[in-house]
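Right, one structure below, let's go through it.
Proteins get letters first, then strands, A, B, ... in listed order; numbering begins at 1 in each.
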Amino acid sequence: MVEAIEVHKSFGHVEVLRGIDMTVMPGEVACVIGPSGSGKSTFLRCINHLERIDAGAMRVSGQLIGYRESGGKLHELRESEVARQRRDIGMVFQRFNLFPHKTAAENVMEAPRTVRREPKRQARERAMTLLDRVGLSEKYDSYPSQLSGGQQQRVAIARALAMNPRLMLFDEPTSALDPELVGEVLDVMRGLARDGMTMIVVTHEMGFAREVGDTLVFMDEGRIVEAGDPRQVLTNPRQQRTQAFLSKVL
Amino acid sequence: MTTSSPVDTTRRPRPIKAVPVRHPGRWLAVAVLAVLAAMFVNTILTNPGFRWRVVGEYLFSPPVLNGLSNTLVLTVLSMAIGIVGGIGLAIMRLSPNPVLSSVSAVYIWLFRGTPLIAQLLFWNFLAALYPRLALGIPFGPEFISFDTNQLINQFAACLLGLGLNEAAYMAEIVRGGLQSVDHGQSEAAGALGMSRAQTLRRIVLPQAMRVIIPPTGNETISMLKTTSLVVVIGYFELLTSVQRIYSTNFQTIPLLIVAAAWYLALTSLLSIGQGFIERHYGRGTSRGPTGSRLLSWRAPEQAR
């Protein structure tokens with residue numbers, strides 16, 4: 001589903017990703033952990049081309065992201081082509097990034113309406129189904145400012161699901177939440193995983209990674225230090241760097 | 001020892017009745033202001049120099065209403081040119097294309113950096129520079145050509161001068177608004193597969209409007225009065241009409257009051273309109289619209 005080969009990325013002189021190789025199979029849930037500044041969020045943002053990679057290759061469903069290969073040369077994709085690739089990849093942000101001038105239902109309807117030109121009634125019915133699914137049947141017409149952090153993040157998940165993505169990216173989805181609200185968001189994500197969604201989750205929730213994740217990836221200083229079965233990596237890390245990190249967070 | 005459980009509402013202590021702090025300074029200020037206001041009203045009513053009868057006579061007279069309608073038409077059209085042009089210039093200014101961005105920057109530099117009067121005169125005397133204007137292939141044949149003086153009459157010169165100048169100011173207001181919207185909004189829209197144009201129109205611009213509208217209201221009110229500058233190229237509007245009248249009958253003060261009253265009335269109307277627009281774009285913000293205080297008579301506690 002996702003295939004990253006030797007992905008490099010620099011911001012100015014700072015090399016944030018120094019060769020990331022990673023493969024995620026359809027239906028797999030991959031959790032990415034690591035200290036802040038390790039490049040895990042940047043890597044996630046490279047998958048849907050919010051950041052362009054400097055070297056290497058990123059493929060989603062076999063398709064090169066951000067570029068087209070023809071005649072042995074790489075061509076940059078046009079804006080509309082990038083947009084088309086992104087439709088199949090849902091993303092959930094740490095700070096929710098809901099559209100504050102639109103209600104919960106309108107947030108979910110926005111992309112189906114503008115991108116896929118769905119009729120309003122159909123988009124609204126689908127939005128209601130999705131909001132029901134994340135447990136927000138009462139909140140269709142609430143504005144984001146009237147919702148708690150956990151509710152906002154669940155709307156954001158519904159909004160990403162509205163485009164029927166084949167892959168969901170989660171960028172620290174619970175890091176901006178009050179501790180008692182983390183559970184409701186993780187429950188929704190757990191449900192998604194159970195339904196077979198392919199997910200890449202950058203997180204600090206070790207419990208979630210252990211319980212739901214199929215793979216756990218530990219990143220540090222722009223490299224993957226260790227990857228494998230979550231229970232294995234969490235309880236029996238092979239690398240010293242992983243041990244040091246886990247001893248601080250567990 | 002007695003402990004009161006937090007759910008026990010029957011045994012609430014009695015509400016506090018305390019003597020409020022006195023504010024003698026406030027009362028003094030109120031007294032002073034009341035006296036001044038009384039003096040003001042008194043002089044308005046008793047000073048014969050105001051000539052209220054003359055004010056009433058000219059308030060709805062045809063030349064004044066003529067001028068008023070010119071003021072309105074010039075304001076509305078110039079602001080329309082200014083707003084549309086300003087949005088275009090702001091988008092160009094923020095474009096990743098350096099040519100578009102610089103062209104916009106130079107435009108803003110030029111039109112904000114030269115006096116409006118000079119710009120009005122320039123458009124009026126364009127014929128001195130280019131006697132004929134033509135449509136055709138650059139450096140090639142012409143298809144149609146016009147006499148500049150016929151194409152750009154006084155009215156058109158007014159619109160060009162006021163509108164193109166306003167566009168430069170509006171560009172900076174719109175740019176400020178667009179930049180005030182969190183970058184995460186465009187990212188979220190982009191991640192959903194929306195194009196840059198869709199993101200701008202559906203997500204960024206509506207949120208930027210909250211920041212754009214109050215200064216735009218300012219600009220409109222200012223434009224209402226700036227239109228009086230068209231006198232330099234011989235066009236007329238409210239203030240010019242009034243001046244023409246008092247230069248013949250010497251009723252200067254009453255006629256200036258006529259003009260002032262109309263300007264005040266129009267400004268009030270605009271403020272009310274602005275309040276409605278602000279309420280519309282304030283949707284979803286936890287703090288309601290903070291429009292004109294004159295319009296909200298509710299107590300501040302109710303307004304939260």
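Both the backbone and the side chain of A:Arg159 have a heavy atom closer than 4.5 Å to some heavy atom of chain B. For a residue to count as touching a neighbouring chain, one of its non-hydrogen atoms must lie under 4.5 Å from one of that chain's; by this rule A:Ile89 touches chain B with the backbone only. Only the backbone of A:Leu98 comes within less than 4.5 Å of a heavy atom in chain B; its side chain stays farther off. Both the backbone and the side chain of A:Phe99 come within contact range of chain B, each with at least one heavy atom under 4.5 Å from a heavy atom of that chain. Neither the backbone nor the side chain of A:Ser80 has a heavy atom closer than 4.5 Å to any heavy atom of chain B. With a threshold of 4.5 angstrom between heavy atoms, A:Pro100 approaches chain B through its backbone and through its side chain.
Proximity to chain A at a heavy-atom threshold of 4.5 Å picks out nothing from residues 85-112 of chain B.
The closest side-chain heavy-atom distance from B:Pro206 to A:Lys102 is not below 4.5 Å.
One finds the CZ atom of A:Arg86 at 10.0 Å from the CG atom of B:Leu192 (value rounded to the nearest 0.5 Å).
Taking each heavy atom of B:Ala188 and A:Phe93 in turn, the nearest pair found is CA-CE1, 3.6 Å. Shown here for A:Val115 and B:Gly193, the closest heavy-atom pair between the two residues is CG2-O, 3.6 Å.
With A:His101 as the partner, the side chain to side chain contact (heavy atoms under 4.5 Å, CB included) test is satisfied by one option alone out of B:Arg202, B:His280, B:Gln207, B:Arg210: B:Gln207.
Chosen from A:Thr114, A:Leu50, A:Val82, the residue pairing most often with chain B at heavy-atom distances under 4.5 Å is A:Thr114. Top candidate by heavy-atom pairs under 4.5 Å with chain B, chosen from A:Glu110, A:Arg45, A:Met163, A:Met91, is A:Glu110. Note: B:Gln185 leads B:Arg201, B:Arg196, B:Gln198, B:Gln185 in heavy-atom pairs under 4.5 Å with chain A.
Few gaps surround CD on A:Glu79; more than 12 heavy atoms of other groups in view lie less than 6.0 Å from it. More than 12 heavy atoms of other residues, nucleotides or ligands sit less than 6.0 Å from atom CZ of A:Arg190.
Under the 3.5 Å distance criterion, the side-chain polar atoms of A:Asn97 are matched with a main-chain donor or acceptor of B:Gly184.
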